[in-house]
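Structure first, then comments.
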2 protein chains.
Amino acid sequence: MPDLHQLNHAIIEFYEKLSSWEHSVVKEIGVSLSQVHTIELLGIHGAMRMKELAEKMAITTGTLTVQVDKMVAAELVRRRPHESDRRSILVELTPKGEVMYQQHDALHHQLTVDLCANLDGDEQRLLLRCLSKMNHEF
Amino acid sequence: MPDLHQLNHAIIEFYEKLSSWEHSVVKEIGVSLSQVHTIELLGIHGAMRMKELAEKMAITTGTLTVQVDKMVAAELVRRRPHESDRRSILVELTPKGEVMYQQHDALHHQLTVDLCANLDGDEQRLLLRCLSKMNHEF
DNA sequence: TCAAGTAGTTTGACCATCAAGCTAAATTAA
DNA sequence: TTAATTTAGCTTGATGGTCAAACTACTTGA
């Protein structure tokens with residue numbers, strides 16, 4: 001079992017790199033971090049209730065209400081009544097929001113390509129296995 | 001060369017996990033994220049000029065001034081004049097701040113231990129190599 | 001010496017966030 | 001059915017992080 005200290009350091013550094021990348025992308029596409037996160041979740045999971053979305057984002061529904069208000073005004077998302085529960089409201093991407101999601105996704109994919117530029121096939125395969133294990137066993 | 005799509009997804013998920021971990025730790029130790037970041041940088045690099053610290057944190061010096069004011073009030077850091085440049089001010093951890101840095105560092109190390117619990121020695125070695133390459137070649 | 005540049009602070013304006021209190025709808029108990 | 005409870009979402013008031021721009025004090029270089 002090798003020394004975990006270096007690994008710890010590498011993980012911290014990797015996290016900082018991703019964080020700084022995200023920061024720069026947010027500036028580039030001109031939407032706040034919080035709104036990018038919302039778009040990302042709606043793009044991945046499709047229409048969602050406010051409650052569900054707030055839970056995934058780890059914020060309160062009150063905060064989400066404010067965000068969604070702004071995003072509705074910017075025509076990135078729309079609200080729609082829930083079919084069977086009149087208390088609930090579904091949020092979904094508008095076409096404009098969908099375009100922004102695709103853009104963001106493409107940028108993310110490009111980041112991965114850049115990150116992996118110096119890894120050979122075996123390394124990529126093993127990295128994927130390690131990340132999967134870490135993501136699921138923790 | 002394997003499909004990068006899965007890898008992209010795994011990286012996003014890994015980033016979210018780290019982000020959520022950081023969030024919960026910040027709540028636990030009762031200091032804001034920004035202040036934890038300050039403490040971390042001062043712990044790693046030692047006393048620093050405001051300018052330098054602000055650059056590493058990717059915030060303006062104005063913002064940093066406010067943060068440092070609060071942290072001085074909380075006795076986590078102190079200001080000290082620069083030896084040769086009277087415009088500059090050095091910021092450094094107080095003993096109390098140093099304790100908090102050690103605590104945070106220990107938590108981070110524990111996170112790494114948990115993350116790697118299901119990786120064998122070879123996997124850990126290769127993960128470190130991949131992370132190092134990604135950190136340095138990007 | 002003095003003009004230009006640099007380090008740090010202050011101020012005024014946003015934005016994100018939460019907690020608490022609110023309304024409307026659904027669910028459960030009587 | 002009615003009443004009490006729970007749930008979903010919204011509103012409000014307060015706090016904290018951030019930036020840009022204006023300001024002060026110091027340094028540097030022509």
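The chains referred to below are lettered A, B, ... by the order of the sequence lines, with proteins before strands, and numbering in each begins at 1.
- Of the side-chain N and O atoms in B:R86, none sit less than 4.0 angstrom from OP1 or OP2 of D:dT24.
- A residue-by-residue look at B:T65 and A:K70 shows that B:T65 has its nearest nucleotide of DNA chain C further toward the 5' end.
- Judged by distance alone, with hydrogens and angles left aside, B:R87 brings no side-chain donor or acceptor close enough to the base of D:dT27 to form a pair under 3.5 Å.
- An OP1 or OP2 oxygen of D:dG17 is reached within less than 4.0 angstrom by a side-chain nitrogen or oxygen of B:S32.
- Both B:I59 and B:L33 sit in one connected hydrophobic cluster of ILVMFWY residues. Membership requires side-chain heavy atoms under 4.5 Å apart, directly or through other members.
- We find that NZ of B:K51 is positioned 18 Å from P of D:dC26, with the value rounded to whole Å.
- For B:Q35 and B:S84, each mapped to the nucleotide of DNA chain D holding its nearest heavy atom, the one lying further toward the 5' end belongs to B:Q35.
- As rounded to whole Å, 11 Å separates atom C1' of D:dG17 from atom NE2 of A:H23.
- Within 4.0 Å (heavy atoms only), A:T63 reaches at least one base atom of the nucleic acid.
- Atoms CD (A:E83) and P (C:dA25) sit 17 Å apart, rounded to a whole Å.
- Contact annotation: A:R49 side-chain N/O to D:dA8 OP1/OP2 distance is under 4.0 Å.
- The side chain of B:R79 places no N or O atom within less than 4.0 Å of a non-bridging phosphate oxygen (OP1 or OP2) of C:dA7.
- No side-chain N or O of A:D120 forms a donor-acceptor pair with one of A:Q124 less than 3.5 Å apart.
- Rounding to whole angstrom units, CG of residue A:L33 and P of D:dG17 are separated by 16 Å.
- The separation between A:K27 atom NZ and C:dC15 atom C1' is 15 Å, rounded to whole Å.
- As rounded to whole Å, 14 Å separates atom C1' of C:dT9 from atom CD1 of B:I59.
- Between A:D85 and A:S34, the residue anchored closer to the 5' end of DNA chain C is A:S34, taking for each the nucleotide with the nearest heavy atom.
- Under a cut-off of 6.0 angstrom, the local environment of NE2 in B:H23 is sparse, with at most 12 non-hydrogen atoms contributed by other residues, nucleotides or ligands.
- Among the heavy atoms of the strands lying under 4.0 Å from A:S88 are primed sugar atoms or P, OP1, OP2 only; no base atom is included.
- Between the CD1 atom of B:I89 and the C1' atom of D:dA25 there is a distance of 11 Å, rounded to whole Å.
- Within the structure, every side-chain polar atom (N or O) of A:T61 is placed at least 4.0 Å from both OP1 and OP2 of D:dA8.
- Heavy atoms only, all atoms of each residue included: B:V72 and B:R78 are closest at CG2-CA, 4.5 Å.
- Computed from coordinates, the A:L64 CG to C:dC18 C1' distance equals 13 Å when rounded to whole Å.
- Summarising the geometry, atom CG belonging to B:L126 is positioned 9.0 Å from atom CD belonging to B:E123; distances are rounded to the nearest 0.5 Å.
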